[in-house]
Visitor: 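This is the structure I have questions about; it appears just below.
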Amino acid sequence: MCGIIAYVGRRIAQPVLIEGLKRLEYRGYDSAGIAVIDGKGHLHVRKAVGRISVLENSLNTSPIDGQASLGMAHTRWATHGAPTEINAHPHLDDTGSIALVHNGIVENYVAIKKFLTDKGHKFVSQTDTEALAMLVGDIYGELKIKNHLAPGTSLLQKSVQLALREVEGTYGIAVICAAEPDTMVVARKGSPLIIGVGKEEYIIASDASAIVEHTTQVVYLNDNEMAILKPGSFRTTTIDDIAVTPVFSQLENKLEEYELGEYEHHMLKEIFEQPTAVANCLRGRAEQKEGRIVLGGVADHTRELVKAKRIILTGQGTAWHAGLVGDYLLEDLAKVVTEATYASEFRYRNPIVEEGTVVIAISQSGETADTLAALREAKEKGALGLGIVNVVGSTIARETDAGIYLHAGPEIGVASTKAFTCQCAVLTLLALYIGRRKFMSQAQTRETIDALWAIPEQMKRILEQSALVKEIASKYCDRENWLFLGRGYHYPVALEGALKLKEISYIHAEGMPAAEMKHGPIALINDGMPVVFIATKGLQYDKVISNIEEVRARGGNIIVVATEGDKQIRRYSNHVIEVPDTLESLQPLLSVVPLQLLAYHAAVIRGCNVDKPRNLAKSVTVE
Ligand code: G6P
């Protein structure tokens, strides 16, 4: 969603900010803007609707006067007010001397706006953010008149502090003021902000991807904390002005991991990275020699996991689909009552969280607002709150009692791919970890660990079929309705296959349990409708064959993901994509790969912007 990049230092800020905006593009946005303060204390603002290139062109054709080494920029994903230039950030107060960028939502902005309008302030946009910029400006004006601040206190800092005490909602903000041209104030509550600490310079961003090319030393701001930055020095306090000692961390990911390399799109790169990502995820955890699972991140909670009466897996989008796979895995392998639930539903339904409940938040970004809220709700009710997260240092990772990182590397493509397979891998590890301590034999544990370690090579064999999948995609990508069907472990995979197609190629697709088709959706099947079955050899194979027959009889085009060497299924299908054989419980790790490729190729053929699909955001940080 919205992205923030800000610079305080001695270099010229604009190129750093524009480059940063490009790194944040993947989060999803509809407009962008920049504000800088030049050496003479002039504040310059420029905004544009659409891609960063539009803003860049505007800056190239009519450059900002003067050299500025302090500034901030923003990508906006509209929540309050249409995606227009006026609504784009940065927002100014009505004196035009204070500029503010904001991620999150000011929930009480209507009340703030009314209060300020009654005082005579004039608003120009429909955004909640302008209310905050105006409030900072209003307080600044009043403090200036009273002028009784302690020596050394910045008026801007004090104004931001006082303004934020009035705000209900969430924010990650950066604020500058023409009258204090070497100062920037940043603050956070519920929306991430990271301070990259370079040599006499600071790069502040909502996402590490915009920082890593400048420095790997960072300070993660915590909720209700702020920082006051000047070239060469910064300090952190709480919103209530209590000094906070900054904790320095190192970013783990390297710049290359954020680059496209030889690939045309991040999504394709990430699909092809899956063998490595899954291997990284298993390394040091699935020990083949000893036949045991090591999960250092949750080791301190082993007893609670083994004794758990119920496990609730919660997340949104693809992460929820991984949760559904986890539901099957944990009941099947660990014999624990499990439920996968949308975080957005869980948090508001006043959930019953009895003693012995473990809630596991699954999230690639670790920032999804609903998932975070569900985790907080569960913890509030006394559950042990664990996390399965990719982004190290993210909010969910920091708020959980313990957790397991994916180690999948940065995922830039909006449509999640390698995070899904790594989430499934981690959930398998967790199921084995618990299962082995309950009923699972050493032999079954070993067998599953060996099968897990075979997955990366097996994935490579599927990826080699990309051209075949592309052919299938090109044949049907003009059809506007698709069905994805699977049973058991393949039901979540069917959901995920349909979601991928919807997200990036804008084709309407439904995923469901194959048996459910007869209870309604079968009425949709008409001549030539593409129906994708995940029908690998396993417990429910024969039943899926019957479902295939039913669709075939009604003229549907059958595309099947089947087990390598399955000749029988070819008789019933128009197209077969083969995946290597593995244990039933591990099949989602393989069967999802052709569906990711199918969606990717369909989107490219249809001319869609694969990495930046319309209306979507990589990380949804508002409810
Ligand atoms: C957004 C993304 C999806 C993702 C979902 C959950 O909707 O577009 O790809 O699955 O958020 O994100 P998370 O970061 O929590 O896994």
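For this chain, numbers begin at 1 and follow the sequence in order. First listed ligand is number 1; within each ligand, the first listed atom is number 1.
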Visitor: Name the closest protein heavy atom to atom 7 (O) of ligand 1, giving the residue it belongs to and the distance to 0.1 Å.
Guide: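 Checking every protein heavy atom, the shortest distance to atom 7 (O) of ligand 1 gives V620 CG2, 3.9 Å.
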Visitor: Can you tell me the protein heavy atom closest to atom 8 (O) of ligand 1 and the distance?
Guide: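 So the nearest neighbour among protein heavy atoms is A617 O, 3.0 Å.
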Visitor: Please confirm whether R614 makes a cation-pi placement over Y506, using NZ or CZ under 6.0 Å from the six-membered ring centre and within 45° of the ring normal.
Guide: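 Yes, R614 lies over the aromatic ring of Y506.
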Visitor: Got the closest protein heavy atom to atom 6 (C) of ligand 1, with its distance?
Guide: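 Looking only at protein heavy atoms, the one closest to atom 6 (C) of ligand 1 is Q316 O, 3.3 Å.
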Visitor: Write out the residue and atom name of the closest protein heavy atom to atom 11 (O) of ligand 1, then the distance separating them to 0.1 Å.
Guide: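 Heavy-atom neighbour on the protein nearest atom 11 (O) of ligand 1: K618 O, 3.8 Å.
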Visitor: Kindly indicate, with the supporting measurements, whether the criterion salt bridge (Lys or Arg N to Asp or Glu O under 4.0 Å) is fulfilled by K500 and E503.
Guide: CA-CA 5 Å; K500 290 291 87 103; E503 281 180 307; 3.3 Å; yes
Visitor: Please classify the E367 to ligand 1 contact at 4.0 Å (heavy-atom distances, strictly less than): side chain, backbone, both or neither.
Guide: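 The answer is neither.
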Visitor: Need the ligand 1 atom indices (1-based, order shown) with element for anything under 4.0 Å from a heavy-atom of S363.
Guide: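 Per the distance check, 13 (P), 14 (O), 15 (O), 16 (O).
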Visitor: Please write down residue, atom name and distance for the protein heavy atom closest to atom 16 (O) of ligand 1.
Guide: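 Going atom by atom, the protein heavy atom closest to atom 16 (O) of ligand 1 ends up being Q364 N, 2.7 Å.
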Visitor: Decide whether the shortest distance between a heavy atom of L616 and an atom of ligand 1 is less than 4.0 Å.
Guide: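 It does not; every heavy atom stays at 4.0 Å or beyond.
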Visitor: Mind checking whether H321 has a heavy atom under 4.0 Å from ligand 1?
Guide: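 Checking ligand 1 against H321, which is what was asked, there is no heavy-atom contact under 4.0 Å.
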Visitor: Tell me the closest heavy-atom pair linking G385 and L375, and the distance in Å.
Guide: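 Shortest heavy-atom contact: CA-CD1, 3.9 Å.
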Visitor: Check ligand 1 against S416 and write out every atom of the ligand that is under 4.0 Å from a heavy-atom position of the residue.
Guide: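 By the 4.0 Å cutoff, the relevant atoms are 9 (O).
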Visitor: For K381, I'd like to know if atom NZ has over 12 heavy atoms of other residues, nucleotides or ligands within 6.0 Å.
Guide: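 Counting neighbours around NZ of K381, more than 12 heavy atoms of other residues, nucleotides or ligands fall under 6.0 Å, so yes.
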Visitor: Give the residue, atom name and distance (to 0.1 Å) of the protein heavy atom nearest atom 3 (C) of ligand 1.
Guide: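 Nearest neighbour among protein heavy atoms for atom 3 (C) of ligand 1, to 0.1 Å: E503 OE2, 4.0 Å.
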Visitor: Determine the interplanar angle of the Y491 and Y328 rings, folded into 0 to 90°, and report it as parallel if under 30°, tilted if 30 to 60°, perpendicular if over 60°.
Guide: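 Geometry flag for Y328 against Y491: perpendicular rings.
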Visitor: When you measure from atom 4 (C) of ligand 1 to every protein heavy atom, which one gives the shortest distance, and what is it?
Guide: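 For this ligand atom, the closest protein heavy atom is T318 N, 4.2 Å.
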Visitor: Which atoms of ligand 1 are found less than 4.0 Å from any heavy atom of A319?
Guide: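 Near A319, meaning under 4.0 Å from one of its heavy atoms, ligand 1 has 10 (O), 16 (O).
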Visitor: Would you call the rings of H74 and H89 parallel, tilted or perpendicular if under 30° counts as parallel and over 60° as perpendicular?
Guide: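 H74 and H89: parallel rings.
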Visitor: Of the options E270, Q596, E273, which is the one that meets K418 in a side chain to side chain donor-acceptor pair (under 3.5 Å)?
Guide: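 Looking at E270, Q596, E273, the match for K418 under the side chain to side chain donor-acceptor pair (under 3.5 Å) is E273.
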Visitor: Could you grab the distance from atom OG of S591 to atom CD1 of I462, nearest 0.5 Å is fine?
Guide: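 If we round to the nearest 0.5 Å, S591:OG and I462:CD1 are 8.0 Å apart.
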Visitor: Counting only heavy atoms not in E380, do more than 12 sit closer than 6.0 Å to its CD atom?
Guide: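 12 or below, so no.
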Visitor: Counting only nitrogen or oxygen atoms and a 3.5 angstrom limit, does T368 reach ligand 1?
Guide: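 N/O-N/O distance below 3.5 Å exists for this pair.
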Visitor: If the plane angle is over 60° it's perpendicular, under 30° parallel, otherwise tilted; pick one for W320 and Y342.
Guide: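 Answer is parallel, since the angle falls under 30°.
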Visitor: Looking at atom 9 (O) of ligand 1, what's its closest protein heavy atom, distance included?
Guide: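 It is V414 O, 3.1 Å.
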